[in-house]
Protein chains: 2
Amino acid sequence: MNIQTRSGIKGDTPAESSATQKAYHELRRMLLTGEFLPGEKLKIDRLRTALDIGSSPVREALSLLTSDHLVERIDQRGFRASTASNENFLEILTLRCALEEMALRQSIANYSEAWEDSVVLAHHRMARESRDHVEAFEAAHKHFHMTLLAGCSLPILLKFCSQLYDLNIRYRYLAGRSLNYQKRDIAQEHAGILDAAIRRDADLAAERLQNHYRLTGAFLDGFLSSMTTPPQGRRAGA
Amino acid sequence: MNIQTRSGIKGDTPAESSATQKAYHELRRMLLTGEFLPGEKLKIDRLRTALDIGSSPVREALSLLTSDHLVERIDQRGFRASTASNENFLEILTLRCALEEMALRQSIANYSEAWEDSVVLAHHRMARESRDHVEAFEAAHKHFHMTLLAGCSLPILLKFCSQLYDLNIRYRYLAGRSLNYQKRDIAQEHAGILDAAIRRDADLAAERLQNHYRLTGAFLDGFLSSMTTPPQGRRAGA
DNA sequence: AAATGCAAAAAAATCGATATTCATGACTCC
DNA sequence: GGAGTCATGAATATCGATTTTTTTGCATTT
């Protein structure tokens, strides 16, 4: 059975080779978009059925997500979606500002034409997507920000930034995409960062990047007071 | 069979409850102490036999170690010990300096008597161990450094610092503990950091911490030129 | 009536077997 | 004679069943 293991038919994500990969990406998406509540128990058997794969890949995927801080592993009591709290959110914001500033400054210091090209391209693609689906825009948005940092040539730092970015995204979904952060002129903020970066003005670029984050942070902060970590993440209905 | 699953008899490490935990800690120890060469293939079956457990816990442990940057997962070709390079080492050093400075400053800003007590205690225990086993000293050394940072109340940052600390340890073992970094007066460096910290002189503490790291870094740098990542981590004999 | 201990049920963890995938080397075709 | 192709062997990845652990509900005792 399980013939579509080697699907490749509807390759939205590039060639989901292994079952573990499939489980990882799908669970990650579900966690980021808030399909699991913070602290919610992640029962192996439910997921196994829902994803139509064995328990081993599920467990492996959850183990991988643990290191991304999206899932918590409880000694011999399985897994649950990471809890959420205002403190956690503020820490993510703080670390993002600090680490991304470091990476951005290094990127600018390492300036190359290839990097400039890639950043401009990423910015353009993001601008194009924004009119269409929110899903695609989010992907392009992350890509733009990561491209800005990618010139730093510090792989571990980049991984940290990527993880923090995702954690932040999760909060945005948890707070509800409803709060239209499109009210602010996001596009102009992005353009400003891009402009400072390719003009190699590190101070200005860093400042604009931080403002970009802090504004979003201020938007979300407060919305989260209602959802401080519940003592037991037991969900009501099935 | 496998009766000693629930051992608990010789609880060196506090109660190795699950097989996954056992595998994780043992593999982690082996990776940190250089029992696996950088890039070396980690065959499931070998490990399964060596650790006397099934393949599932081994795979799960390796998945967890992947997120600690100690193991690399290759698409459908299993796992291998992380490669090592001078660039990687220098990145670790750079990030350690930056992140630990941030954490230390925050710890000092959050000063409390409880924190002061814990730091003094950790320092004393480290000093006591140093005469005895190297193994125990390493543990106490890490504990001292992490205690210094623990007051910052930023769990994610602490986890990053802990990971980076371990990665650095690995390089120390890879370069051979032979290079007696005891030549320097490590003890005095530690005392200096402790002193500045409990006197709440953030600038001085940060400076001393960075010197502490950079000196060790300078020691190791160069020793590593001979071991830049091999293209294929194939080990010779069994 | 509350607390404690016990038993049944649920869930997690682990195992061993099977199916896939990848690597190696011989063989054929050009 | 060299390059490409197919068969063989090794290793990984996955599955489904079994074992272990935790949780829940109930009966008993104080």
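So that the names make sense, note that chain A is the first sequence line, chain B the second, and so on, each numbered from 1. The shown structure was predicted, so the numbers you read here are calculated from the model rather than taken from an experiment.
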Asker: Can you check the Leu51(A) CG to dT14(D) P distance for me, whole Å?
Answerer: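 Taking atom P of dT14(D) as the reference, CG of Leu51(A) is at 13 Å.
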
Asker: Check for a donor-acceptor pair, side chain of Tyr171(A) on one end and backbone N or O of Ser85(A) on the other, with a separation under 3.5 Å.
Answerer: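 Yes; at least one donor-acceptor contact below 3.5 Å.
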
Asker: Phe160(B) vs His69(A) aromatic rings, parallel, tilted or perpendicular, using cut-offs 30° and 60°?
Answerer: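 Phe160(B) vs His69(A) ring planes: perpendicular.
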
Asker: Could you state the atom-to-atom distance from CG of Asp52(B) to C1' of dT14(C) in whole Å?
Answerer: 13 Å

Asker: So if I take residues 59-71 of chain A and measure heavy-atom distances to DNA chain C, which residues fall below 4.0 Å?
Answerer: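 Those residues whose heavy atoms fall under 4.0 Å from DNA chain C, taken from residues 59-71 of chain A in numerical order, are Arg59(A).
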
Asker: Rounded to the Å, how far apart are Ile53(A) CD1 and dC15(D) P?
Answerer: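 Value for this atom pair: 6 Å.
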
Asker: Under the side chain to side chain contact (heavy atoms under 4.5 Å, CB included) test, which residues partner Ser55(B), sequence neighbours left out?
Answerer: Ile44(B), Arg48(B)

Asker: Provide, to the nearest angstrom, the distance between the CZ atom belonging to Arg73(B) and the C1' atom belonging to dT12(D).
Answerer: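 Atom-to-atom, Arg73(B) to dT12(D), this comes out as 11 Å.
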
Asker: Return the value, rounded to whole Å, for the distance between atom CG of Leu42(B) and atom C1' of dA13(D).
Answerer: 16 Å

Asker: Between Asp45(B) and Pro57(A), which has a closest nucleotide on DNA chain D that is more 5'?
Answerer: Asp45(B)

Asker: Which residues pass the side chain to side chain contact (heavy atoms under 4.5 Å, CB included) test with Ser63(A), sequence neighbours left out?
Answerer: Arg73(A), Phe79(A), Glu60(B), Ser63(B), Leu64(B)

Asker: Which residues pass the side-chain hydrogen bond (donor to acceptor under 3.5 Å, both in side chains) test with Ser162(A), not counting sequence neighbours?
Answerer: Lys142(A)

Asker: Show the nearest heavy-atom pair for residues Phe89(A) and Asn168(A), with the distance to one decimal.
Answerer: CE1-OD1, 3.6 Å

Asker: When you measure from the side chain of Gln76(B), which nucleotide among dC15(D), dC22(C), dT14(C) comes out closest?
Answerer: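 In terms of side-chain proximity for Gln76(B), the closest of dC15(D), dC22(C), dT14(C) is dC22(C).
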
Asker: So, OP1 or OP2 of dA13(D): does either fall under 4.0 Å of a side-chain N or O from Ser56(A)?
Answerer: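 Checking dA13(D) against Ser56(A), no side-chain N or O comes under 4.0 Å of OP1 or OP2.
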
Asker: Of the nucleotides dC22(C), dT14(C), dA17(C), which has the atom closest to the Ser55(B) side chain?
Answerer: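 For the Ser55(B) side chain, the nearest candidate turns out to be dA17(C).
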
Asker: Mind calculating the distance between CD1 (Ile74(B)) and P (dA11(D)) to the nearest angstrom?
Answerer: 14 Å

Asker: Which residues satisfy the side chain to side chain contact (heavy atoms under 4.5 Å, CB included) test with Gln106(B), sequence neighbours excluded?
Answerer: Ala109(B), Asn110(B), Cys152(B), Leu154(B)

Asker: For His143(B), which residues count as a side chain to side chain contact (heavy atoms under 4.5 Å, CB included) partner, sequence neighbours excluded?
Answerer: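 Per chain and number, His143(B) pairs via side chain to side chain contact (heavy atoms under 4.5 Å, CB included) with Ala122(B), Thr147(B).
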
Asker: What dot-bracket string describes DNA chain D from 5' to 3', counting Watson-Crick and G-U wobble pairs whose defining distances are under 3.5 Å, with [ ] for crossing pairs and | for pairs to another strand?
Answerer: ||||||||||||||||||||||||||||||

Asker: Holding to side-chain hydrogen bond (donor to acceptor under 3.5 Å, both in side chains), I want the full list of residues that pass it with Glu116(A), two or more places apart in sequence or in another chain.
Answerer: Tyr111(A)

Asker: Would you please name every residue forming a salt bridge (Lys or Arg N to Asp or Glu O under 4.0 Å) with Arg77(B), sequence neighbours left out?
Answerer: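 By the salt bridge (Lys or Arg N to Asp or Glu O under 4.0 Å) rule, Arg77(B) matches no residue at all.
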
Asker: For nucleotides 7-11 of chain C, tabulate all protein N/O to nucleotide N/O atom pairs closer than 3.5 Å, reporting atom names and distance.
Answerer:
residue	atom	partner	partner atom	Å
dA11(C)	OP1	Lys43(A)	NZ	3.0

Asker: In whole Å, what is the span from the CZ atom of Arg48(B) to the P atom of dG16(C)?
Answerer: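 So the two atoms are 7 Å apart, to the nearest Å.
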
Asker: Just the rounded figure in Å: distance from C1' of dT12(D) to CG of Asp75(B).
Answerer: 11 Å

Asker: Test of understanding: with salt bridge (Lys or Arg N to Asp or Glu O under 4.0 Å), list the residues that count as partners of Glu72(A), not counting sequence neighbours.
Answerer: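 Glu72(A): salt bridge (Lys or Arg N to Asp or Glu O under 4.0 Å) contacts with Arg80(A).
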
Asker: With sequence neighbours left out, what residues match Arg28(B) under salt bridge (Lys or Arg N to Asp or Glu O under 4.0 Å)?
Answerer: Asp166(B)

